[in-house]
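Chain identifiers are assigned alphabetically (A, B, ...) following the order of the sequence lines, protein sequences preceding nucleic acid strands; residue numbering begins at 1 within each chain. Just so we're clear, the structure is a prediction, and the values are computed from it rather than from any experiment.
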Number of protein chains: 2
Amino acid sequence: MNLAPEYKARLDEALEHSGQRSTKQREHIFSVLLEKRDHPTADEVYARAREGMPSISLATVYNCLETLIETSLIRQVNFEREPTRYCPNLTNHAHFYCRESGEIVDIELPDELIGQLMAVLPEGFSASHIDIAYDGKCNCCHD
Amino acid sequence: MNLAPEYKARLDEALEHSGQRSTKQREHIFSVLLEKRDHPTADEVYARAREGMPSISLATVYNCLETLIETSLIRQVNFEREPTRYCPNLTNHAHFYCRESGEIVDIELPDELIGQLMAVLPEGFSASHIDIAYDGKCNCCHD
DNA sequence: GCAATAATTAGAATAATTCTAAAAAAGGGC
DNA sequence: GCCCTTTTTTAGAATTATTCTAATTATTGC
């Protein structure tokens, strides 16, 4: 429920930078995501958010998540047609989706590998972002 | 509308292998995807399929696409929450999504790069598949 | 503190996809 | 080729995550 001052500052700065206002709800949603660093869906964020702010609405949760994505404070993770998940880890990383447990695990990626991926793009293509999703069985789900 | 014999054989074999039947509709959907090698949505596949088979239903299009994916004859491409797209290119490749034109372009990937991506997985993780999506501006959309 | 603007809210609307149950088609044995 | 069983197709209803709408509330700059 409480946003550490450094994150509060980061949030406020990012919002101001994009001409948006700082609100209790945005702060709360950001703190919810930072508190448990997994990959919750909007519904899960909503459920967690209501614990500390019972009157928040689902639409606001969607709005806040959208704002946090726009301001690059969180990332969006999509796996096939499943509900979108939200991720506060901003380092270079890929997502590993375990078909068995359904869990999503962050896989840290060396900058060099990202560079190599950028390097295979044909002339004239420029990417602002690369999304990498592994799909298989995680360590907990092996015999 | 016509499926080249080699593809017909591949389809029949894949279907038999998975204990499924060969049908006019499955054959037709497969041929539609092979004819124009882009990344159509289910709706677009439906529209194209009706040209040669006006009585086909949307549910069947979805069913057939599902079957073709299960039998690894085509791939599914998801970009954020947009409608799923379908891709008959089975080589190692990533997808480049152009924010400007909305176009999806196949980016061929060296096996070695896939190997490196597999190599960064922690002990105990095994991936059957890696999905790579670039997001930026394609060569046609640069100044 | 006031006006102007932006954000939140509840509930309706949307859109891709899946489900359902009935009709049609395939494949195997004769 | 014909019957039987199983699978597939079909039309339309249902689902579900998400977005939209319009009214209320909060925030910011003065």
Side-chain angles (χ1 to χ4, degrees), chain A residues 8 11-32 39-50 52-71 73-74 76-86 102 104, chain B residues 8 11-32 39-50 52-71 73-74 76-86 102 104:
Chain A
K8 167 73 171 139
L11 171 63
D12 286 351
E13 200 213 342
L15 288 172
E16 185 171 357
H17 183 73
S18 74
Q20 296 188 278
R21 292 178 180 171
S22 178
T23 68
K24 278 195 288 292
Q25 287 87 346
R26 286 173 176 165
E27 195 174 319
H28 187 55
I29 295 300
F30 192 33
S31 80
V32 159
H39 301 86
T41 62
D43 262 346
E44 284 161 357
V45 173
Y46 180 43
R48 293 179 199 175
R50 275 198 293 186
M53 188 181 275
S55 65
I56 198 169
S57 77
L58 180 57
T60 299
V61 170
Y62 274 105
N63 291 341
C64 291
L65 289 170
E66 170 70 24
T67 301
L68 294 172
I69 288 164
E70 261 176 37
T71 53
L73 290 166
I74 64 173
Q76 183 173 37
V77 185
N78 284 99
F79 199 79
E80 291 179 5
R81 286 256 105 209
E82 298 196 357
T84 299
R85 292 164 177 280
Y86 300 89
I104 292 179
Chain B
K8 166 73 171 142
L11 171 63
D12 285 352
E13 200 212 344
L15 288 172
E16 185 171 359
H17 184 73
S18 74
Q20 296 188 281
R21 291 178 181 170
S22 178
T23 68
K24 277 196 288 293
Q25 288 86 344
R26 285 173 177 167
E27 196 174 319
H28 187 55
I29 295 301
F30 192 33
S31 80
V32 159
H39 302 85
T41 62
D43 262 346
E44 284 161 357
V45 174
Y46 180 44
R48 294 180 198 174
R50 274 197 295 186
M53 187 182 275
S55 65
I56 198 169
S57 77
L58 180 58
T60 299
V61 170
Y62 274 105
N63 290 341
C64 291
L65 290 170
E66 169 68 26
T67 302
L68 294 172
I69 288 164
E70 262 177 35
T71 52
L73 290 166
I74 64 172
Q76 184 173 35
V77 184
N78 284 98
F79 199 78
E80 290 179 5
R81 286 257 103 209
E82 298 197 356
T84 299
R85 291 166 178 278
Y86 300 90
I104 293 179

Starting from [atom2] on [N], measure out to [atom1] on [X] and report it in whole angstrom.
| X | N | atom1 | atom2 | answer |
| --- | --- | --- | --- | --- |
| A/Y86 | D/dA17 | OH | P | 12 Å |
| B/L65 | D/dT9 | CG | P | 11 Å |
| A/E66 | D/dT18 | CD | C1' | 11 Å |
| B/R81 | C/dT14 | CZ | C1' | 13 Å |
| B/E16 | C/dA26 | CD | P | 16 Å |
| B/E70 | D/dT7 | CD | P | 13 Å |
| B/M53 | C/dA25 | CE | C1' | 12 Å |
| B/I56 | C/dA25 | CD1 | P | 13 Å |

Output all residues satisfying side chain to side chain donor-acceptor pair (under 3.5 Å) with [X], sequence neighbours left out; order by chain, then residue number.
| X | answer |
| --- | --- |
| A/T60 | A/S57 |
| B/R81 | A/T84 |
| B/E82 | B/Y97 |
| B/Q20 | B/S18 |

Ignoring backbone atoms, test whether [X] places a side-chain nitrogen or oxygen under 4.0 Å from the OP1 or OP2 oxygen of [N].
| X | N | value |
| --- | --- | --- |
| B/Q25 | C/dA25 | no |
| A/Y62 | D/dT19 | no |
| B/Q20 | C/dA26 | no |
| B/R26 | D/dT8 | yes |
| B/K24 | C/dA26 | yes |
| B/T84 | C/dA16 | no |

Which of these nucleotides, [options], is closest to any side-chain atom of [X]?
| X | options | value |
| --- | --- | --- |
| B/S55 | D/dT10, C/dA16, C/dT9 | D/dT10 |
| A/T23 | D/dT10, C/dT8, D/dT27 | C/dT8 |
| A/P83 | C/dT8, C/dA16, D/dA17 | D/dA17 |

Detail all sub-3.5 Å separations between protein N/O atoms and N/O atoms belonging to nucleotides 19-24 of chain C.
none

Along DNA chain C (nearest heavy atom to each residue), the more 5'-positioned of B/S22 and A/N63: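 Mapping each residue to its closest nucleotide by heavy atoms, the 5'-most match is A/N63.
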
Of A/T60 and B/T41, the one whose closest DNA chain C nucleotide lies more 5':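 The answer here is A/T60.
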
Main-chain N/O of B/T41 paired with B/E44 side-chain donor or acceptor, under 3.5 Å: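 Answer holds: yes.
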
Donor-acceptor contact present, side-chain A/E16 to main-chain A/E13, <3.5 Å: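 Side chain of A/E16 to backbone of A/E13: no pair is present.
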
Suppose we screen for salt bridge (charged side-chain N to carboxylate O under 4.0 Å, His left out). Which residues come up paired with [X], at least two apart in sequence or across chains?
| X | result |
| --- | --- |
| B/R48 | B/D38 |
| B/E80 | B/R99 |
| A/D43 | none |

Audit row: B/N78, A/N78, side-chain contact (heavy atoms from CB on, under 4.5 Å) steps and yes/no: CA-CA 8 Å; B/N78 284 98; A/N78 284 99; over 6 Å; no

Non-hydrogen atoms of A/L15 and A/S22 that approach each other most closely: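 Looking at all heavy atoms of both residues, the closest pair is CD1-CA, 3.7 Å.
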
Charged tip of B/R50 within 45° of B/Y46 ring normal and under 6.0 Å: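 Yes, B/R50 sits over the ring of B/Y46.
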
Stepwise side-chain contact (heavy atoms from CB on, under 4.5 Å) check, B/I74 with B/F30: CA-CA 8 Å; B/I74 64 172; B/F30 192 33; 4.2 Å; yes

Please tabulate the protein-to-nucleotide N/O contacts below 3.5 Å involving nucleotides 3-5 of chain C, giving atom names and distances.
unit_1	atom_1	unit_2	atom_2	d
C/dT5	O2	A/R21	NH1	2.8
C/dT5	O2	A/R21	NH2	3.1

Axis bend over the full length of the helix from C/dG1-D/dC30 to C/dC30-D/dG1, computed from five pairs that close each end, to 10 degrees: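 The end axes of the helix from C/dG1-D/dC30 to C/dC30-D/dG1 are about 40° apart, to the nearest 10°.
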
